[in-house]
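The chain is numbered in sequence order, starting from 1.
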Amino acid sequence: MDFTPLSEALASKSYDKISDVCDQLMLKFAAEGVPFQDEWPYAIHLLGHIYVNDINSARFLWKSVPSAVKENQPEVVATWRIGQRLWTRDYAGVHEAIHGFDWSQETGVVVAAFSELYTKRMFQLLLSAYSTITIHDTALFLGMNEEDASNYVVQQGWIVDRASRTLSVKKQAVVTEEKLDSSKLQRLTEYVFYLEH
């Protein structure tokens, strides 16, 4: 079996392409009648769907994983544990599942990339949902201890109130682009022309 496209995606850190590459390879091998189930990189394939936040596809892939693989490859089960926590919106549990397994080197690289991406997603969620939040809750969402979580959000401009153990969320300015329509441009041109003559 030729896993070159997957190896290339991993080598180039194109983690957002992993699920598509794996889906295409799986279809190709199935169409060619190549038995691949024992050698299939299920953990990487699941992580590919998880990375792009396609939990439904990850769920269906998990259901198609042979029982023997589930029984003999704990890394596949650990990967699905991340998917389960995402499915149930157990935000702190996602971090626990990420850090609760000793990943192989190849899988660990993708898990680390997902962990970083997930932390950024959770930060954006907090940013949009809260004006104040406890340090404890922030730490749970970001998968950090309270001190690291405080330092992380302070770097983003949030304000710490040590007495009440809360954080004031600093909303980021929304940049809106105003498009200049042709009639406004015409009037501006005429005005400048008028001033010059």
Side-chain angles (χ1 to χ4, degrees), residues 1-126 129 136-145 148-149 152:
M1 282 187 289
D2 183 13
F3 287 108
T4 302
L6 178 57
S7 299
E8 289 171 352
L10 290 168
S12 67
K13 298 182 179 183
S14 300
Y15 305 123
D16 58 335
K17 293 183 170 72
I18 291 173
S19 59
D20 288 338
V21 168
C22 286
D23 290 344
Q24 293 302 316
L25 286 173
M26 188 178 262
L27 289 172
K28 178 183 178 239
F29 294 150
E32 293 172 358
V34 176
F36 61 88
Q37 292 186 333
D38 293 338
E39 299 174 42
W40 191 255
Y42 286 106
I44 296 291
H45 195 169
L46 281 167
L47 279 170
H49 287 296
I50 289 168
Y51 189 88
V52 296
N53 206 23
D54 186 0
I55 305 306
N56 278 330
S57 293
R59 239 178 90 226
F60 290 121
L61 176 62
W62 171 252
K63 288 180 179 183
S64 73
V65 174
S67 297
V69 171
K70 291 176 183 177
E71 292 167 10
N72 298 318
Q73 295 184 25
E75 190 167 71
V76 174
V77 176
T79 303
W80 177 237
R81 206 166 290 126
I82 296 170
Q84 286 175 308
R85 300 308 186 273
L86 287 168
W87 180 258
T88 60
R89 291 186 173 90
D90 178 2
Y91 303 114
V94 171
H95 295 291
E96 290 170 9
I98 288 170
H99 300 295
F101 188 79
D102 187 20
W103 304 99
S104 67
Q105 184 175 351
E106 183 178 55
T107 306
V109 170
V110 183
V111 170
F114 170 72
S115 179
E116 185 179 325
L117 177 67
Y118 184 71
T119 298
K120 289 177 182 174
R121 286 179 187 163
M122 288 299 96
F123 176 76
Q124 290 302 318
L125 177 69
L126 294 176
H136 174 75
D137 288 347
T138 303
L140 287 175
F141 274 99
L142 298 179
M144 302 175 184
N145 64 45
D148 289 345
Y152 183 87

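For the atom pair CG of Asp16 and CG of Asp54, the computed distance is 13.0 Å after rounding to the nearest 0.5 Å.
Listed by first then second residue, pairs satisfying side chain to side chain donor-acceptor pair (under 3.5 Å) with a partner in residues 103-112 read Glu75-Ser104, Glu75-Thr107, Ser104-Thr107, not counting sequence neighbours.
Counting only heavy atoms from C-beta outward, the side chains of Val65 and Trp80 never approach each other to under 4.5 Å. Counting only heavy atoms from C-beta outward, the side chains of Val110 and Leu10 approach each other to under 4.5 Å. Looking at heavy atoms from C-beta onward, Asp90 lies out of side-chain contact with Glu96 at the 4.5 angstrom threshold. With contacts defined as side-chain heavy-atom distances shorter than 4.5 Å, the pair Leu125/Tyr91 qualifies. Put simply, the side chain of Leu25 reaches to within 4.5 Å of the side chain of Pro5, judged on heavy atoms. Using a 4.5 Å heavy-atom cutoff, the side chains of Trp87 and Asn56 are in contact. For the pair Met122/Val94, no side-chain contact is recorded, criterion being any heavy-atom separation below 4.5 Å from C-beta on. With contacts defined as side-chain heavy-atom distances shorter than 4.5 Å, the pair Thr119/Met144 qualifies.
Formation of a donor-acceptor pair under 3.5 Å by the Lys70 side chain with backbone atoms of Trp62 is found in this model. Side chain of Ser115 to main chain of Val111: no donor-acceptor pair is present (N/O by atom type, distance under 3.5 Å, no hydrogens or angles).
Between His45 and the choices Phe3, Phe36, Trp40, the ring pair (Phe, Tyr, Trp, His ring centres under 6.0 Å) rule is met once, by Trp40. Tested against Tyr42 for a side-chain contact (heavy atoms from CB on, under 4.5 Å), the candidates Val77, Thr79, Val69 yield a single pass: Val69.
For the residue pair Thr4/Asp2, the side-chain donor-acceptor check at 3.5 Å is satisfied.
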After noting the C-alpha distance and the side-chain angles of Met1 and Glu39, does the key distance pass the side-chain contact (heavy atoms from CB on, under 4.5 Å) rule?
CA-CA 9 Å; Met1 282 187 289; Glu39 299 174 42; 3.2 Å; yes

Steps toward side-chain contact (heavy atoms from CB on, under 4.5 Å) verdict (Ile44, Ile18):
CA-CA 8 Å; Ile44 296 291; Ile18 291 173; 3.7 Å; yes

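Between Tyr118 and His95, the ring center distance clears the sub-6.0 Å criterion.
The nearest pair of heavy atoms linking Arg121 to Tyr51 is NH2-O, 2.6 Å. Of all the heavy atoms in Leu46 and Ala58, the pair that sits closest is CD2-O, 3.4 Å. Heavy-atom minimum distance, Gly48 versus Ser19: C-CB, 3.6 Å. Nearest heavy-atom pair across Leu142 and Phe123 is CD2-N, 3.8 Å. Heavy-atom minimum distance, Asp148 versus Asn145: N-OD1, 2.7 Å.
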